[in-house]
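Have a look at the structure below, then the notes.
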Amino acid sequence: MKLLIALLLLSQSIFSQGLSPERIKRLKQATAQITIEGTQISGTGFFINDQGYLATCWHVIDTATKPTAHVRIMIHFHDGDTAEYSIGTIRTHDDRLSEEVNDNCILVPTRPLHRVIVPLKIGNFNHAEEGEQIYTCGYPLGYSQQFVSTGIISTKYQNDNVWRVDGRLKSFPRKEALLDLTLNRGNSGGAIVKMGKTVEEDSVIAIADFMLTPLGKTGDSLINALAHMKSWIVVTGNAGERDDPAEISMILARGFQNVSLGVSGCISVNYLRDALLATVKLGRY
């Protein structure tokens, strides 16, 4: 009898940890697609309060921050509605540098939203363990449909995260994790949610940030080299030919970069949490 009760309790525990319709519905409602007007750039974000503030990766909206960029950041809700957003912090130089090196950003609506917002609970990356089950939602490859996937935390580690600042290389150590979870371009900025005992205990412990590809770290270097080759061809007057080898090679390189190996990476949500605490104390929101 005791064995039967134990088996029943175990089965209930396993069932409760599943990706239930309730979990999927909540996550989809809390997830939105981000696009930059006039470009093919797209990413994912998740709501962090009932006013519609949205968290994402800095690299998703970086193009819109350039001084010469006169483009709008558009948010596409799960039900198809859209709204214009802007970067939500009043940044000093240090604020912006922190957002860039830790690749997180908070977006706010340019006008009040007249709709119900379902925010996600911000958790603590330090409380997530290797092997724990996580799930996420995003808009891979620029598709307008949401894609939910689940996996586990494979390994946690600290990245040296070296940046060039004022002409000098400087390290900004950053906590990251590799996931046994498929992400693709367009998933960046999505919430990595750790499963709790109940849906109410589920919390965001990280932000989807990168994926491992067949080209590995050489992908960006290859594309930059091909872009330089293309510029050289323009100077020599041979650009525009349909069989341009540089153009063909770049298309192939970008294609390989978009192919996921099923292993992806995320950054700790703690940098976002710390930024939120600081901005609330300073009255920026």
Side-chain angles (χ1 to χ4, degrees), residues 26-66 69-89 91 95-96 98-120 122 135-149 181-193 204 206-211 254 257-258 260 264-267 269 271-273 275-276 279 285:
R26 178 171 176 251
L27 183 59
K28 283 189 170 183
Q29 290 178 337
T31 303
Q33 185 176 36
I34 302 169
T35 59
I36 307 300
E37 189 179 54
T39 75
Q40 294 183 335
I41 296 172
S42 69
T44 301
F46 58 96
F47 296 111
I48 56 177
N49 66 16
D50 57 9
Q51 297 176 57
Y53 295 171
L54 195 78
T56 188
C57 288
W58 177 269
H59 76 257
V60 171
I61 53 86
D62 180 59
T63 299
T65 69
K66 306 303 181 186
H70 302 289
V71 293
R72 297 189 300 170
I73 300 172
M74 301 301 297
I75 301 304
H76 306 259
F77 299 94
H78 73 284
D79 58 7
D81 284 348
T82 61
E84 182 180 355
Y85 270 58
S86 61
I87 299 173
T89 53
R91 298 186 313 284
D95 288 334
R96 174 161 180 169
S98 176
E99 288 172 332
E100 288 192 66
V101 300
N102 293 318
D103 205 13
N104 66 83
C105 182
I106 301 168
L107 302 177
V108 299
T110 57
R111 296 179 180 179
L113 300 175
H114 300 291
R115 59 178 296 128
V116 176
I117 297 294
V118 178
L120 294 178
I122 303 298
Y135 62 105
T136 189
C137 179
Y139 296 82
L141 304 175
Y143 284 102
S144 58
Q145 291 80 19
Q146 293 177 317
F147 187 83
V148 176
S149 55
L181 175 76
T182 299
L183 297 177
N184 290 282
R185 289 188 180 275
N187 280 108
S188 289
I192 302 298
V193 183
V204 182
I207 304 174
D209 192 70
F210 60 91
M211 64 181 184
R254 290 194 183 281
Q257 271 201 319
N258 285 324
S260 173
S264 53
C266 61
I267 55 173
V269 78
Y271 306 112
L272 173 70
R273 188 187 61 181
L276 281 171
T279 52
Y285 291 150

Residue pair [X] / [Y]: nearest heavy atoms and the distance that separates them:
{"X": "Gly189", "Y": "Phe46", "value": "O-CD2, 3.4 Å"}
{"X": "Thr136", "Y": "Gly190", "value": "OG1-C, 4.2 Å"}
{"X": "Pro109", "Y": "Gly52", "value": "CD-O, 3.9 Å"}
{"X": "His76", "Y": "Met74", "value": "CD2-O, 3.9 Å"}
{"X": "Asn104", "Y": "Ser98", "value": "ND2-O, 4.4 Å"}
{"X": "Leu54", "Y": "Gly45", "value": "CD1-C, 3.7 Å"}

Any non-hydrogen side-chain atom of [X] less than 4.5 Å from a side-chain atom of [Y]?
{"X": "Phe77", "Y": "Leu113", "value": "yes"}
{"X": "Val108", "Y": "Ser86", "value": "yes"}
{"X": "Trp58", "Y": "Thr65", "value": "yes"}
{"X": "Cys266", "Y": "Phe210", "value": "no"}

Residues, nucleotides or ligands: over 12 heavy atoms within 6.0 Å of Arg111 CZ: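 No.
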Heavy atoms from other residues, nucleotides or ligands near CZ of Phe147 exceed 12 (cutoff 6.0 Å):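 Result for CZ/Phe147: open.
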Checking [X] side chain against [Y] main chain: does a donor-acceptor pair fall under 3.5 Å?
{"X": "Ser188", "Y": "Val60", "result": "no"}
{"X": "Asp103", "Y": "His59", "result": "yes"}
{"X": "Ser42", "Y": "Gly186", "result": "no"}
{"X": "Tyr85", "Y": "Ile34", "result": "no"}
{"X": "Asp79", "Y": "Asp81", "result": "yes"}
{"X": "Ser264", "Y": "Leu181", "result": "yes"}
{"X": "Thr56", "Y": "Thr44", "result": "yes"}

Separation of [Y] [atom2] from [X] [atom1] (nearest 0.5 Å):
{"X": "Phe47", "Y": "Gln29", "atom1": "CZ", "atom2": "CD", "value": "10.5 Å"}
{"X": "Glu37", "Y": "His70", "atom1": "CD", "atom2": "NE2", "value": "12.5 Å"}
{"X": "Met211", "Y": "Asn184", "atom1": "CE", "atom2": "CG", "value": "5.5 Å"}

Among Leu276, Leu107, Val269, Ile117, side-chain contact (heavy atoms from CB on, under 4.5 Å) partner for Ile48: Leu276
Qualifying residue for side-chain contact (heavy atoms from CB on, under 4.5 Å) with Ile41, from Asp62, Ile36, Ile73: Ile36
Check: Tyr139/Gln146 side-chain N/O donor and acceptor closer than 3.5 Å: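 A pair is found: one side chain offers a donor N or O, the other an acceptor, under 3.5 Å apart.
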Derivation of the side chain to side chain contact (heavy atoms under 4.5 Å, CB included) call for Thr35 and Thr82: CA-CA 10 Å; Thr35 59; Thr82 61; over 6 Å; no
Side chain to side chain contact (heavy atoms under 4.5 Å, CB included) between Leu120 and Arg26, intermediate numbers included: CA-CA 8 Å; Leu120 294 178; Arg26 178 171 176 251; 4.2 Å; yes
Derivation of the side chain to side chain contact (heavy atoms under 4.5 Å, CB included) call for Cys57 and Asp209: CA-CA 7 Å; Cys57 288; Asp209 192 70; 3.3 Å; yes
